[in-house]
A.B. asks: 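For reference, the structure I am asking about is given below.
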Amino acid sequence: FAVMADAESQNGENHLPHKIYLDYNATTPPATEVVKAVEEALREAWGNPSSSYTAGCKAKELIDTARAHVAKMVGGKPEDIIFTSGGTEANNMVLFSTVENFNSTSKERQNNRVALALPHIITSNVEHDSVALPLLHLQKTHRAEITFVPVSTVTGRIEVEDIISAVRPNTCLVSIMLANNETGVIMPVGELSQCLASMSKERSAQGLPKILLHTDAAQALGKVEVDVQELGVNYLTIVGHKFYGPRIGALYVRGLGQHSSLLPMLYGGGQERNFRPGTENTPMIAGLGKAAELVFLHCAVYEAHMRRIRDYLEERLEAVFEDRIRLNSRFPGAERLPNTCNVSLLKPAMLGHEWLSHCQYLQASIGAACHSDRGDRPSPVLLNSGVPQEAATSAVRLSVGRETSQDDVDLIVRDLEQAAQLLGVNK
Ligand SMILES: Cc1ncc(COP(=O)(O)O)c(C=O)c1O
Ligand SMILES: O=C(O)CC[SeH]
């Protein structure tokens with residue numbers, strides 16, 4: 001336990017154990033450069049970006065620069081980027097806009113004698129709540145038909161053929177996350193967009209609606225390369241606080257307003273070309289732009305480092321716990337994020353939060369932060385992904401970051417071992 005003693009001494013006088021944060025899928029700290037960009041914008045670009053004098057022009061200039069960086073990060077055009085308050089707003093915007101647009105174009109379809117009552121949206125059964133819950137609401141209020149397609153319980157991945165089998169005449173949107181926040185599994189969004197594109201000509205000839213594609217890229221950005229041209233999506237959700245940026249988001253819309261429709265959820269002063277009005281949050285937008293610039297410049301380095309550290313973590317867990325653990329993120333045939341490790345201690349079996357609560361240094365989670373009030377109930381995302389009930393009940397999610405080190409891993413593996421021993425004795 002020399003590693004742990006050293007950790008305590010590192011804190012000098014107070015001898016309180018320093019903490020090791022391994023919950024980067026929940027949120028990330030703002031990068032130093034991001035903090036600097038936000039501070040500068042607060043000080044020097046406080047003007048209203050719509051004002052024509054210097055203070056306003058400075059703010060507008062920062063916003064335009066940030067928009068260009070965000071666009072570059074995802075391989076899109078600046079004019080296809082809309083800033084939002086975060087990922088939840090961006091996801092809701094796509095879903096509610098789709099339903100409203102379907103209804104506003106229903107007259108055209110009736111002229112073509114194709115009367116389709118309600119819009120149909122297809123998604124998976126492992127989406128983040130900011131996609132799943134709006135869709136459940138639209139279903140419950142009879143404003144849309146929703147199909148929640150189960151992911152494969154072997155690969156943890158959505159299978160393209162299962163999405164295509166769910167298509168109906170009134171299908172107008174498919175929303176599939178790019179990577180899952182709990183398992184780290186990467187979804188075949190690019191393959192899916194190719195299949196949907198191959199259906200569009202025939203559907204158009206029948207007077208049926210185009211099927212647009214949305215992906216929630218919150219967990220993928222900053223960890224793996226994200227390119228909207230390769231993905232072929234119409235909409236892509238961007239969440240700043242997942243890639244060392246501020247708590248603000250953005251929505252990529254291919255051919256905004258022309259190729260891909262977008263109707264506003266808010267009405268007001270005309271900002272963001274009326275798609276998302278409200279005086280712009282210049283400092284946060286400047287911070288988001290800086291975070292996006294860092295991802296564009298360094299994502300490959302971030303990915304390689306996180307993969308090396310996560311693989312070392314899993315190697316150490318297996319070496320120390322041997323057959324007492326189950327690594328839940330290893331799905332055969334599925335690609336996964338480089339930073340995510342989901343692990344269960346099965347011998348002795350114990351609840352994930354119990355294991356964590358007996359750790360001195362480790363700060364992690366048993367699943368999505370927004371589900372932290374679920375108590376002892378296993379994650380539905382893990383269960384839906386095919387993780388056995390006992391493993392899902394005792395699961396801990398460890399997600400490494402850009403600066404997580406091998407020393408951090410050595411310390412937290414020791415920490416997890418001593419927690420398991422403590423619990424094993426107390427059992
Ligand atoms: C996959 C995913 N989508 C959407 C969100 C929501 O983003 P925000 O917290 O900015 O609303 C999060 C994280 O919170 C997330 O992990
Ligand atoms: O913790 C996560 O998975 C994202 C926030 Se709900």
Side-chain angles (χ1 to χ4, degrees), residues 21-30 34 70 74 82-96 123-136 151 156-158 175-187 189 214-224 226 231 233 235-252 265 276 281 284-285 287-288 291-292 328-329 336-337 339-342 352-353 356 363-374 378-382 384-385 387 392 395-401:
Y21 181 74
L22 283 192
D23 206 12
Y24 289 91
N25 285 9
T27 195
T28 61
V34 168
V70 172
V74 299
I82 295 289
F83 293 112
T84 67
S85 60
T88 297
E89 179 183 349
N91 287 339
N92 276 259
M93 209 171 167
V94 172
L95 303 175
F96 285 97
T123 190
S124 79
N125 64 347
V126 293
E127 299 294 315
H128 185 265
D129 278 356
S130 58
V131 167
L133 296 187
L135 290 176
L136 277 173
V151 297
R157 224 175 61 139
I158 197 74
S175 177
I176 298 290
M177 67 193 334
L178 191 46
N180 183 268
N181 44 317
E182 296 194 41
T183 63
V185 169
I186 294 174
M187 304 296 172
V189 171
H214 165 244
T215 193
D216 172 357
Q219 292 290 341
L221 286 162
K223 297 168 187 165
V224 292
V226 174
L231 293 172
V233 293
Y235 309 98
L236 182 135
T237 294
I238 295 161
V239 181
H241 71 99
K242 305 293 182 179
F243 56 93
Y244 295 73
R247 297 271 160 80
I248 189 171
L251 180 63
Y252 162 80
M265 288 203 300
R276 206 286 185 179
N281 190 340
M284 293 296 112
I285 290 172
L288 185 70
N328 303 314
S329 301
R336 59 172 170 150
L337 290 175
N339 81 315
T340 305
C341 164
N342 196 296
H353 70 81
L356 278 182
Q363 291 179 319
S365 58
I366 60 171
C370 46
H371 288 170
S372 55
D373 57 354
R374 291 182 59 84
S379 155
V381 166
L382 292 183
N384 289 344
S385 301
V387 176
V396 164
R397 179 183 69 176
L398 304 173
S399 44
V400 304

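We're numbering straight along the sequence, starting at 1. Counting starts at 1 for both ligands and their atoms, in listed order.
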A.B. asks: Counting from 1, what ligand 1 atoms have a heavy atom of Ser130 closer than 4.0 Å?
C.D. replies: 4 (C)
A.B. asks: Can you tell me the protein heavy atom closest to atom 3 (O) of ligand 2 and the distance?
C.D. replies: Arg397 NH1, 2.7 Å
A.B. asks: Which residue supplies the protein heavy atom nearest to atom 11 (O) of ligand 1, what is that atom called, and how far is it?
C.D. replies: Thr88 OG1, 2.6 Å
A.B. asks: With heavy-atom distances below 4.0 Å as the criterion, list the atoms of ligand 1 near Ala218.
C.D. replies: 1 (C), 2 (C), 3 (N), 15 (C)
A.B. asks: Testing Asn91, Asn92, Asp216, Thr215 for side chain to side chain donor-acceptor pair (under 3.5 Å) with Thr237, which one passes?
C.D. replies: Asn91
A.B. asks: Could you check Leu178 against Met187 for side-chain contact (heavy atoms from CB on, under 4.5 Å), going step by step and ending with a plain yes or no?
C.D. replies: CA-CA 5 Å; Leu178 191 46; Met187 304 296 172; 5.7 Å; no
A.B. asks: I'd like to know whether ligand 2 has His128 as a neighbour, heavy-atom separation below 4.0 Å.
C.D. replies: yes
A.B. asks: Hey, does Gln219 come in under 3.5 Å of ligand 1, counting only N/O atoms on both sides?
C.D. replies: yes
A.B. asks: On a heavy-atom basis, I'd like to know which of Asp216, Leu178, Asp129 is closest to atom 3 (N) of ligand 1.
C.D. replies: Asp216
A.B. asks: Please confirm whether the backbone N or O of Leu22 pairs with a side-chain atom of Gln363, one donor and one acceptor, at under 3.5 Å?
C.D. replies: no
A.B. asks: Using non-hydrogen atoms of the residue, decide whether His241 is closer than 4.0 angstrom to ligand 1.
C.D. replies: yes
A.B. asks: If you count the atoms of ligand 2 from 1 in the order shown, which ones are under 4.0 Å from a heavy atom of Cys370?
C.D. replies: 6 (Se)
A.B. asks: Please determine whether side-chain contact (heavy atoms from CB on, under 4.5 Å) holds for the pair Val396 and Leu398, giving the CA-CA distance in whole Å, both sets of side-chain angles, and the decisive distance to 0.1 Å.
C.D. replies: CA-CA 6 Å; Val396 164; Leu398 304 173; 3.7 Å; yes
A.B. asks: Could you list which atoms of ligand 1 come closer than 4.0 Å to a heavy atom of Gly86?
C.D. replies: 10 (O)
A.B. asks: Out of the candidates Val94, Val131, Val233, only one should pair with Ser175 under the side-chain contact (heavy atoms from CB on, under 4.5 Å) rule; please name it.
C.D. replies: Val131
A.B. asks: Is it the side chain, the backbone, both or neither of Asn91 that has a heavy atom closer than 4.0 Å to ligand 1?
C.D. replies: side chain
A.B. asks: Out of all atoms in ligand 2, which are within 4.0 Å of some heavy atom of Asn181? Include the element for each.
C.D. replies: 2 (C), 3 (O)
A.B. asks: Give the atoms of ligand 2, by number and element, whose distance to some non-hydrogen atom of Lys242 is under 4.0 Å.
C.D. replies: 4 (C), 5 (C)
A.B. asks: What is the closest protein heavy atom to atom 12 (C) of ligand 1, and at what distance does it sit?
C.D. replies: His128 NE2, 3.5 Å
A.B. asks: Would you tell me whether Arg397 and Ser329 have side-chain atoms, one donor and one acceptor, within less than 3.5 Å of each other?
C.D. replies: no
A.B. asks: Got an N/O contact under 3.5 Å between Ala369 and ligand 2?
C.D. replies: yes
A.B. asks: Examine Gly87 against ligand 1 and note whether any of their N/O atoms are separated by less than 3.5 Å.
C.D. replies: yes
A.B. asks: May I ask you to decide if Tyr24's main-chain N or O and Asn339's side chain share a donor-acceptor pair within less than 3.5 Å?
C.D. replies: no
A.B. asks: Would you check if the side chain of Lys242 reaches a backbone N or O of Asn25 as a donor-acceptor pair within less than 3.5 Å?
C.D. replies: yes
A.B. asks: Rounded to the nearest 0.5 Å, what's the gap from CD1 on Ile248 to NE2 on His241? Could you check?
C.D. replies: 11.5 Å
A.B. asks: Give the atoms of ligand 1, by number and element, whose distance to some non-hydrogen atom of Val239 is under 4.0 Å.
C.D. replies: 7 (O), 10 (O)
A.B. asks: Under a 4.0 Å heavy-atom limit, does Arg247 contact ligand 1 with its side chain, its backbone, both, or neither?
C.D. replies: neither
A.B. asks: Which is it for Thr340 and Thr183 under the side-chain contact (heavy atoms from CB on, under 4.5 Å) test, yes or no, and what are the steps along the way?
C.D. replies: CA-CA 7 Å; Thr340 305; Thr183 63; over 6 Å; no
A.B. asks: Considering non-hydrogen atoms of the protein only, which is the closest contact for atom 14 (O) of ligand 1, and what is the distance?
C.D. replies: Lys242 NZ, 3.3 Å
A.B. asks: Just by distance, do the side chain of Asn342 and the backbone of Asn328 share a donor-acceptor pair under 3.5 Å?
C.D. replies: no
A.B. asks: Looking just at side-chain N and O atoms, do Asp23 and Ser365 make a donor-acceptor pair shorter than 3.5 Å?
C.D. replies: yes
